[in-house]
Amino acid sequence: MGLTKKTIADVLQTAATGEEVTVSGWVRAFRNQRFIALNDGSTAQSLQIVIEPEKMDEALLKRIGFHACVQATGTLAESPGAGQAVEVHASEIVILGDNPLSEYPLQPKRMTMEFLRENAAFRLRTQTLSSVFRLRHGLGHAIHKYFHENRFYYLHTPIITGSDAEGAGEMFRVTTLDIENPPRTEDGHIDWKKDFFGHPTNLTVSGQLQAETGALSLGRVYTFGPTFRAENSNTPRHLAEFWMIEPEAAFFDLKDDMDLAEDFLKYLIRYALEYYADDLAFLDKRIQQEERNMKKEDRRPMGLLETLEFVIANPFERITYTEAIRLLQNSKPYKKGRFQFPVEWGRDLQAEHERWLVEKKFDRPVIVTDYPKDIKAFYMRLNDDGKTVAAMDVLFPGIGEVIGGSQREERYDTLLQRMEEMNIPKEEMQWYLDLRKFGGAPHAGFGLGFERMVQFVTGMSNIRDVIAFPRYPGHAEF
Ligand code: 4AD
Ligand code: MG
């Protein structure tokens, strides 16, 4: 049967001229007391509603203002004006929600992203944020579609967990104990046995370890869920609560993992270009306008659409960490002392180094592999050199790391030794070790930061503007 109620997107796509339609939405603009640009969020396009003010009650007319919520009924007709193919000749206007502008925080003019963040309850009504959030949805859909088409099964891994998957200790504790007055053991420590789960728990930093159980039974699985990191990073690329996509596949080695990452990322970009052309065109134009007042060196080397097309068209560069260090040490900024952080084998690459590799050296996405074992997580497969692990990070222009992944250590003894070296508590992780003991297999996977990907596709410069209610140090409003 299908839904009979139509959105503006439905009307624009399927309604015939001459048809009577009813649409509801928020007023983007009201020109000459005659033309309402009505937007209901279903598409970047607003529907033009033409009214005859002479025939309308003056009090009603006054209530049609910026972001007031209006229902319009009328006949769909070809539009003589520029900018739209059709318009609605209204026979009836109903105000569903008045919008007293004197008290409303948003205004019909350019507002900064910072200002909009403080008014997150309304910010999705703006053209920019609504485009971003339609794309966020579209990418989420494409992610499920891609994995479904490639026989990866969606596994829901827990939000509350007892393990620290990354071993980095950046966790938010989950407890029902009275923190003012916790129960104590005889020797004065907090008695976690009395806590809700009978042991310490935290919010997950990654669903990977649990996803590995899925890979070693269903073959290919993925998680897509909220992830929490209590790292004190106040950057345009970090959130304390973000969404991560983590595929995990049996019988995959590092090369298979890289091939999956590249194919997957290109698929997502292609999908966005195909199905969200209107939103992307708007965001592209928005960036061009924003850059008009910037110095040349601050502008992006390519437009948004151009960047997306470029990433699809070219193979990602693949280099080892050791090679990356060598290139960086021979680079101009290194020789002129322009890098803030040292470049030295054994140290992690910093954002400035990643950006040089991607934006200056190769001018395309770069996959860096085989990092030193000491700067990566315990579960990554030890290479034969005994010094590096089968890790891979995918670096994107303007963003830096979008994906972190690896082939997993499938050898019981080697894993046990790595856990001991890195002080990972074995007792709670026996189930993880057992995956190696009983019918183990080579396997690999990665994590894609969803917001970083949405940032890349929409061209938004701050990660806080691609998640509806951003959480970062000092901020958990709404
Ligand atoms: O590199 P990370 O820490 O890898 C893992 O968590 C692995 N367990 C993934 C796996 O192999 N299954 O995180 C993966 C990605 C990063 O590349 C980045 O895109 C994103 O998650 N990410 C963040 N995004 C926003 N805010 C943060 N604080 C992030 N930390 C990581
Ligand atoms: Mg990483």
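Residue numbers run from 1 in the order of the sequence given. First listed ligand is number 1; within each ligand, the first listed atom is number 1. What's counted below: heavy atoms across the whole structure, side chains too, no hydrogens, waters or symmetry copies.
- For atom 19 (O) of ligand 1, the closest non-hydrogen atom of the protein is Val402 O, 2.8 Å.
- Between Tyr472 and His238, the distance from one ring center to the other does not fall under 6.0 angstrom.
- Looking from atom 4 (O) of ligand 1 to the surrounding protein, the closest heavy atom is Glu166 OE1, 4.0 Å.
- At a heavy-atom distance under 4.0 Å, no atom of Asp393 approaches ligand 1.
- Distances shorter than 4.0 angstrom occur between a heavy atom of Arg408 and an atom of ligand 1.
- With respect to atom 17 (O) of ligand 1, the closest heavy atom belonging to the protein is Glu401 OE2, 2.6 Å.
- Per-residue contacts place Glu246 under 4.0 angstrom from the following atoms of ligand 1 (heavy atoms of the residue considered): 7 (C), 8 (N), 9 (C), 10 (C), 12 (N).
- Inspection of the Thr185 and Asp191 side chains reveals no N or O donor paired with an N or O acceptor under 3.5 Å.
- Closer than 2.8 Å to the Mg ion (ligand 2) sit the protein N, O or S atoms Glu401 OE2.
- The closest protein non-hydrogen atom to atom 14 (C) of ligand 1 is Met244 SD, 3.3 Å.
- Centroid-to-centroid, the aromatic rings of Tyr222 and Phe152 stay 6.0 Å apart or farther.
- The distance from ligand 1 to the heavy atoms of Arg237 drops below 4.0 Å at these ligand atoms: 25 (C), 26 (N).
- Under a 4.0 Å criterion applied to the non-hydrogen atoms of Tyr379, ligand 1 contributes the atoms 7 (C), 8 (N).
- The residue among Phe396, Phe446, Trp243, Phe242 with a heavy atom at the shortest distance from atom 31 (C) of ligand 1 is Phe242.
- Counting heavy atoms closer than 4.0 Å to ligand 1, residue Arg229 contributes side-chain atoms (C-beta onward) but none from N, CA, C or O.
- In the model, Thr388 has no side-chain atom that pairs as donor or acceptor with a side-chain atom of Asp370 under 3.5 Å.
- Here Phe362 and Phe316 keep their ring centres 6.0 angstrom or further from each other.
- Of all the heavy atoms of Glu451, none lies under 4.0 Å from any atom of ligand 1, so neither backbone nor side chain is involved.
- Side chains of Thr227 and Glu241: a donor-acceptor N/O pair is absent below 3.5 angstrom, by distance only.
- Aromatic rings from Tyr154 and His156 are positioned such that their centres are separated by under 6.0 Å.
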Run the side-chain donor-acceptor check on residues 339-349: report pairs under 3.5 Å with partners two or more places apart or on a different chain.
residue	atom	partner	partner atom	Å
Glu344	OE1	Arg347	NE	3.1
Trp345	NE1	Thr322	OG1	3.0

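- Here Phe242 and Phe450 keep their ring centres 6.0 angstrom or further from each other.
- Residue Gly405 has at least one heavy-atom neighbour below 4.0 Å for each of these atoms of ligand 1: 11 (O).
- Annotation: Gln208 places an N or O atom under 3.5 Å from an N or O atom of ligand 1; distance criterion only.
- Atom 26 (N) of ligand 1 has Leu239 N, 3.0 Å as its closest protein atom, hydrogens excluded (heavy atom only).
- Checking Gln417 against Asp413 by side-chain atom types alone, no donor-acceptor pair falls below 3.5 Å.
- Each of the atoms 1 (O), 9 (C), 10 (C), 11 (O), 17 (O) of ligand 1 lies under 4.0 Å from some heavy atom of Gly404.
- In summary, the atoms of ligand 1 found under 4.0 Å from a heavy atom of Gly449, numbered by their order in the structure, are 15 (C), 19 (O), 20 (C), 21 (O).
- Judged purely by distance below 3.5 Å, without hydrogens or angles, the side chains of Asp278 and Gln45 pair a donor atom with an acceptor atom.
- In summary, the side chains of Tyr432 and Arg436 do present a donor paired with an acceptor at a separation below 3.5 Å, with no hydrogens or angles considered.
- When the heavy-atom distances from atom 28 (N) of ligand 1 to Arg452, Lys376, Glu231 are ranked, the shortest goes to Glu231.
- Of the residues Glu451, Glu401, Arg452, the one that meets the side chain to side chain contact (heavy atoms under 4.5 Å, CB included) test with Arg237 is Arg452.
- When ring centroids are compared, Tyr275 and His141 stay outside the 6.0 Å threshold.
- For atom 15 (C) of ligand 1, the closest heavy atom belonging to the protein is Gly447 O, 3.6 Å.
- Using a 3.5 Å distance cut-off with no hydrogens or angles, the side chains of Asp195 and Thr175 do pair a donor with an acceptor.
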